[in-house]
Asker: 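First the structure, which I've put down as structure tokens, then a few questions once you've had a look.
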Amino acid sequence: MQFPILSVIIFLPLAAGILILMYPAERKTEIKATALAATAISFLLSLWLFIAFPSYNLQPGKYLFEQQFNWLPNFGISYHVGVDGLSLPMVLLTGIVGVTGVMISWRVDDRPREFFAFLMFLVTSVFGVFVSLDLFMLFFFFEIAVFPKYLMIAIWGWPKTRDYGSLKLTLYLFIGSMVALLGVLAMALYGGKPNFDMISLENAGFSMEFQRLWFPVVFVGFGILAGMFPFHSWAPDGHVAAPTAISMLLAGVEMKVGAFAALRIAIMLLPQGAKIWAPVIIVLATINVVYGALIALVQTDFKYVIGFSSVSHMGLVLLGFAAGVSQSFAKGITPSADGFIGAGMQMFSHGVMTAMFFAIVGMVYDRAHTRDLDKLGGMAKVMPFAAIGFIIAGLVSMGMPGFSGFAAEFPIFMGLWRAYPAVAIIAVIGVIITAAYILRVVNKVFFGEMNPELVGHITDIGILDKVTIVLLAVFMIGFGIFPSLLSNVVGSGMMHVLQLLGGA
Amino acid sequence: MATIYGYEPIMLLGILPELGLVLLGALVLILDLSWKGEQRRKIAWVVFTGLLIVGGVAAYISNPGVALQQASSQNVLIFNGMLRWDLMSWTMTLVFFFGGAITVLLAKDYDTLGKEGEFYLLLLTSMLGMCLMAGAADLIMLFLAIETTSIPLYVLAGFFKKDEASAEAGFKYLLFGAATSAVMLYGFSLLYGFSGTTQLYQIAASMQQNFGVSTWVQFALVLLVMVGFGFKIAAVPLHFWAPDVYQGAPTPVAGFLSTASKAAGFAVLMRFLPTVFSYSPQGSTIGISKLWSILIAVLAVASMLFGNLQAMRQHNIKRLLAYSSIAQAGYILIGVASIVSYLGYTGVVVYLMAYMVTNLAAFGIISIVEREVKSDEISDLSGLSRRSSGLALGLLAAFLSLAGIPPFAGFVGKVFLFSSAVMGLEYWWLAALVVIGVLNSILALYYYLRVVKIIYQGESASTEKIPVTNSMRIAVVVCVAGILAVGVFFTPLFDNALKAAYYLFQ
């Protein structure tokens, strides 16, 4: 039997979380060290998976490191994990953001035991979703995230908006997941014999009528978590209210969970429905991109800028999906997976980038105690390292060549151009606005004169903060210079999506 | 149809739990005489141990699948058709034993409740009634069982006779109970009048031959008996007693009322409706069964909506749990109404188990906190996590389980119930149930989270740890562990429930 690496990745943070809850509350260092150790090992294991992946030469539709146990055979439920090119980058992303999230939270002083335990449960939940090959199991992990998200925002969040932000986020996401649950149950019970196995559901032969009816239910249900317009407004409010580590995980990873589930369940299992509804997704996602960017441009709160930028960037992911679907069947174009590959890379690139953004916003806020763009300024002088990190993430965000953002956005627009040239032109406007708001905040926060009230009160960032920035930057630049490292992996997963859509 | 047997010695195995309860009751009487004052609290350990032993033995040798190896079927009508010994009655009996054992532990150090021998005797008598309810296959047996369950519960609800709220709770419960069981009894008497027999399965047989009664008259009979059953499960519109009784009754008793007593009501509902007003998942002949399925769906919708909307406005945690338990009854009714497959009743059984551990944990922790802060207002839970993080985590698990969040028990229960309705999506009332059920779980999350937030975000007046006695600790730890166990390792429970549901129709 092979080493159950995926199960270890999932359950290590869970075990750490349970262990942390058993420590006496005053042993703060041990609590943090346990959390760091668990996430670091999970990260290293996922990194190893990523490096080893190409050598397995995986066929489309096959999964690596598969493990399956009966859970509830009478109801078609099993514990079934495995990775392919689609989920592996997401696992790596979770590993990175998990470990950096722990490092950035080192100074949490109010009930650290609960904080780190809940953080561990959140990480477990996300890992679990990405490697699940069983609908019930995926949903099980998906929903575990509800209470850590809510509680961590409500307890450790920004006192001014945490009540509102946490409740809004939780209810929006719960509505989404309940709607998706209906769709999932309808799929699993199709034909009368319960079957939750995602691999065999790919060939379940859902009728056209069924797919037309249920695709939007499932897609919107999960799409809410991906920040899909018009259900996006939880995202900025939730991200701003959350403590730094949770903002990183929410925007960096949780939104990807929504997009990933929408792809894995809605598009892959109901491909005919996806073809019918692709135009609608195109419209909504374009609004996401342009509207999100425009709103980000006029924000006066540093963190809200980043919050709305996530809405805009997740729009690009959804655009990539829609472009990929359209490319697979539109007349007169050769089917290719460009849109999907771009979307997959964008999920990773945006995850790392936004984690960096939120980490640095947190560092600035912890020192300046304000996020008002008009009151900030000149931070580059006292925290140059943070400024460089922010600018790197900003360049990724703008899609500058040499950074991972370019490698991700280029295929999306390539795919979009082939399928819907007009939409591509409109969506590019969003990228231009992105450049505008990024330059605006960089200028306002890091350059110019420092607010006289703050002079002398701002200290440089600590060593763990620097490690966080370096770790995140390595992936942004690395995949920018060598995009094929990422695109080959993503591509091998997306070929299968294209097959299911009948395009390959 | 199963053959009716007279008396055979092996049948004693079928009523072993009931016999055990009677013996335990007698033992309590003796101990109550010989022990004095505070010493009587030790009766709790005796009763607890007794319930464990009887329950454990019954779990093995009273299982009809094991005991009746020779018999061709796994279910028989025993004692001239008074009781039906099948997997469903066996399963529900074990559920009641669990509820009773936990309640005893919670009551041991609760105020003066635990030092009165009467408490234990009344509890055991009530459990005896519940076990008989789960197995009753005869109108007379059923009525006696329901009364044997209810009368001790009236007394228990009003146990603190000098406390006005408690006395009011007991009296209110009694009046409602008496009125509804009178209506139900009227329904029973009409059933007997039409069929000439009190045996449920013989009534069913004569119904098959359609003894000259139109479907609508049959539906009127359903309405009459549903008054009694609806009262037991606290479904809208027969829920009025629940909030006042839960609030006034001693907290451990309220926990017992909301779990075991409700489960007993559902056990009867699952046997009575499909048996008498004939229905079988195989080759469904939609007629009267369609009508009562719609009726149950209406009750479910009303209970969910009313319970959840009212729960949002409560300031008292016990009232909140009362309204939440009305809503939970609504969810469970989804399974009762889903008559298209065995999954509906399977879901009901699994959900009842999930609900049992969850609500007992919630009431248990609340009774612990209440002992210390002398209040059961929600605002008094403020800052519980700073005071006693263990209790706060337990309450968190219980509330999330009620809201149906994994990895806690309520999630799987809800998935199975919704699945059962999704299977019948082509029937309009089941489709409506699915949509309204989903809507309600969102409503419910809102007020459960409100309590959770107060526990975690609020400040507390005192920072001292809340004292927890041994018996309470055991009870709460078992329940919270149960919440997780049912939520993750549900396979044996589901498989057993599926079989129980299947044999219910054989």
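A note on names: the letters A, B, ... follow the listed sequences, proteins ahead of strands, and every chain is numbered from 1.
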Asker: Are A/I144 and B/F408 side-chain neighbours, meaning at least one heavy-atom pair lies under 4.5 Å?
Answerer: no
Asker: Based on non-hydrogen pairs under 4.5 Å, which of A/V184, A/L167, A/V179 is most in contact with chain B?
Answerer: A/L167
Asker: Can you tell which part of B/V488 gets under 4.5 Å to a heavy atom of chain A, answering side chain, backbone, both or neither?
Answerer: both
Asker: Please flag which part of A/L185 lies under 4.5 Å from any non-hydrogen atom of chain B: side chain, backbone, both or neither.
Answerer: both
Asker: If you check both backbone and side chains, which donor-acceptor pairs between chain B and chain A fall under 3.5 Å?
Answerer:
from   : atom 1 : to     : atom 2 : distance (Å)
B/S385 : OG     : A/R111 : NH1    : 2.5
B/R386 : NH1    : A/D110 : OD1    : 3.4
B/S389 : OG     : A/R113 : NH2    : 2.6
B/Y456 : O      : A/R111 : NH1    : 2.8
B/Y456 : O      : A/R111 : NH2    : 3.0
B/Q457 : NE2    : A/A154 : O      : 2.6
B/Q457 : NE2    : A/D163 : OD1    : 2.7
B/V488 : O      : A/W71  : NE1    : 2.8
B/T491 : OG1    : A/W71  : O      : 2.3
B/D495 : OD1    : A/N74  : ND2    : 2.8

Asker: Would you please classify the geometry between the A/F136 ring and the B/F411 ring as parallel, tilted or perpendicular, with 30° and 60° separating the classes?
Answerer: tilted
Asker: Between A/L189 and chain B, which part of the residue has a heavy atom less than 4.5 Å away: side chain, backbone, both or neither?
Answerer: side chain
Asker: What do the steps show when you test B/F418 against A/L182 for side chain to side chain contact (heavy atoms under 4.5 Å, CB included), and what is the final call?
Answerer: CA-CA 8 Å; B/F418 285 171; A/L182 273 191; 5.6 Å; no
Asker: Examine whether an atom of B/L396 lies under 4.5 Å from a heavy atom of chain A, and if so say whether it belongs to the side chain, the backbone or both; otherwise answer neither.
Answerer: side chain
Asker: Under 4.5 Å heavy-atom distance to chain A, tell me which part of B/L400 shows up: side chain, backbone, both or neither.
Answerer: side chain
Asker: Output all residues satisfying ring-ring contact (aromatic ring centres under 6.0 Å, His included) with A/F75, sequence neighbours left out; order by chain, then residue number.
Answerer: A/F196, B/F416, B/F494
Asker: Given A/F174 and B/I405, is the side chain to side chain contact (heavy atoms under 4.5 Å, CB included) satisfied, shown in steps?
Answerer: CA-CA 10 Å; A/F174 196 64; B/I405 305 288; 3.5 Å; yes
Asker: Between B/I442 and chain A, with a heavy-atom cut-off of 4.5 Å, which part of the residue counts as in contact: side chain, backbone, both or neither?
Answerer: both
Asker: Hey, which of B/L445, B/L449, B/L498 has the most heavy atom pairs under 4.5 Å with chain A?
Answerer: B/L449
Asker: For B/A403, which atoms come within 4.5 Å of any heavy atom of chain A: side chain, backbone, both, or neither?
Answerer: backbone
Asker: Go through B/P492, B/G487, B/P407 and name the one with the most non-hydrogen pairs under 4.5 angstrom from chain A.
Answerer: B/P407
